[in-house]
Amino acid sequence: MNLESFREYCLSKKGVTESLPFGEGTLVFKVMDKVFALTGFDSQPLSFNIKCDPEKAIELREQHSCVLPGYHMNKKHWNTIIADGSVKDQLLQEWIDHSYELVVKALTKAKKEELAAVE
């Protein structure tokens, strides 16, 4: 997975926007104004931060050397993923989906209804 395919996959999800709230070097993806993924433009190979259930986060870190505690994030709830080719893109996409779903699940009822109305 490279930066462009990561970006396209994140943006393909319902209600997602991208922005640069931390400056020109960090691309942030939000669903209904809540962050679910972010990455730097300069990382080679691509690395990105995504939310993760705390128990699953520990499990993934133990199973995959490309999964690290979230860099500059709450390490209980965030993982940094190094897209170094050691896991397939499909698995990376599943982890992105998990992050997105965690954030959507935590939205207020009003935000969930607003998301449901997005075309």
Side-chain angles (χ1 to χ4, degrees):
M1 180 175 281
N2 61 31
L3 177 60
E4 193 54 36
S5 61
F6 172 74
R7 180 179 174 268
E8 287 174 7
Y9 190 75
C10 289
L11 289 173
S12 73
K13 306 195 122 340
K14 189 173 188 174
V16 171
T17 58
E18 64 181 332
S19 62
L20 302 167
F22 306 122
E24 295 297 315
T26 305
L27 183 59
V28 176
F29 297 92
K30 298 178 180 181
V31 55
M32 305 309 294
D33 296 322
K34 298 290 184 183
V35 176
F36 75 95
L38 58 139
T39 186
F41 286 109
D42 298 330
S43 60
Q44 288 298 327
L46 171 71
S47 68
F48 54 90
N49 288 358
I50 50 176
K51 284 195 81 126
C52 192
D53 171 79
E55 289 181 19
K56 183 174 181 169
I58 292 167
E59 181 182 309
L60 292 176
R61 293 172 198 164
E62 291 173 351
Q63 293 175 351
H64 303 280
S65 62
C66 66
V67 181
L68 307 169
Y71 181 70
H72 283 300
M73 306 295 278
N74 180 329
K75 290 164 183 24
K76 181 177 179 181
H77 297 281
W78 289 84
N79 279 337
T80 295
I81 311 298
I82 311 296
D84 60 5
S86 63
V87 297
K88 295 184 178 188
D89 286 1
Q90 180 180 354
L91 188 54
L92 298 177
Q93 290 172 345
E94 288 175 17
W95 295 343
I96 295 166
D97 293 345
H98 176 69
S99 179
Y100 176 87
E101 291 161 7
L102 280 176
V103 173
V104 168
K105 184 178 175 183
L107 292 174
T108 64
K109 182 179 177 184
K111 287 289 187 179
K112 287 178 184 174
E113 290 172 358
E114 191 179 330
L115 177 61
V118 172
E119 291 292 320

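- For Lys105 against Lys112, the heavy-atom pair with the smallest separation is O-NZ, 3.0 Å.
- Partners of Asp33 according to the salt bridge (charged side-chain N to carboxylate O under 4.0 Å, His left out) rule, which considers only residues two or more places apart in sequence or in another chain, are Lys111.
- Both Leu91 and Leu46 belong to a common hydrophobic cluster when Ile, Leu, Val, Met, Phe, Trp and Tyr are linked at side-chain heavy-atom distances under 4.5 angstrom.
- Within 6.0 Å of CG in Asn74 there are more than 12 heavy atoms belonging to other residues, nucleotides or ligands.
- Contact between Leu92 and Met1 at its shortest, heavy atoms only, is CD1-CB, 3.8 Å.
- Residue Glu113 holds its CD atom at 11.5 Å from CG of Leu107, rounded to the nearest 0.5 Å.
- Each of His98, Lys56, Lys51, Arg61 was checked for a side chain to side chain donor-acceptor pair (under 3.5 Å) with Asn79, and the lone residue meeting it is Arg61.
- Checked against side-chain hydrogen bond (donor to acceptor under 3.5 Å, both in side chains), Thr80 has the following partners two or more places apart in sequence or in another chain: Asn49.
- Open room surrounds NZ on Lys76; 12 or fewer heavy atoms of other groups in view lie less than 6.0 Å from it.
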Identify every side-chain donor-acceptor pair in residues 15-25 under 3.5 Å, counting partners at least two apart or on other chains, and give the distances.
{"from": "Glu18", "atom 1": "OE1", "to": "Arg7", "atom 2": "NE", "distance (Å)": "2.8"}
{"from": "Glu18", "atom 1": "OE2", "to": "Arg7", "atom 2": "NE", "distance (Å)": "3.3"}
{"from": "Glu18", "atom 1": "OE2", "to": "Arg7", "atom 2": "NH2", "distance (Å)": "2.6"}

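- Taking the ring-ring contact (aromatic ring centres under 6.0 Å, His included) definition, one finds that Phe6 meets it with Phe29, Phe48, sequence neighbours left out.
- Under the salt bridge (charged side-chain N to carboxylate O under 4.0 Å, His left out) criterion, Lys13 pairs with Asp97, not counting sequence neighbours.
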Residues 62-72 side chain polar contacts: donor-acceptor under 3.5 Å, at least two apart:
none

Q | Verdict with reasoning, Leu102 to Ser99, per side chain to side chain contact (heavy atoms under 4.5 Å, CB included) | A | CA-CA 5 Å; Leu102 280 176; Ser99 179; 5.8 Å; no
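- Within a 6.0 Å radius of CD in Gln90, no more than 12 heavy atoms belonging to other residues, nucleotides or ligands are found.
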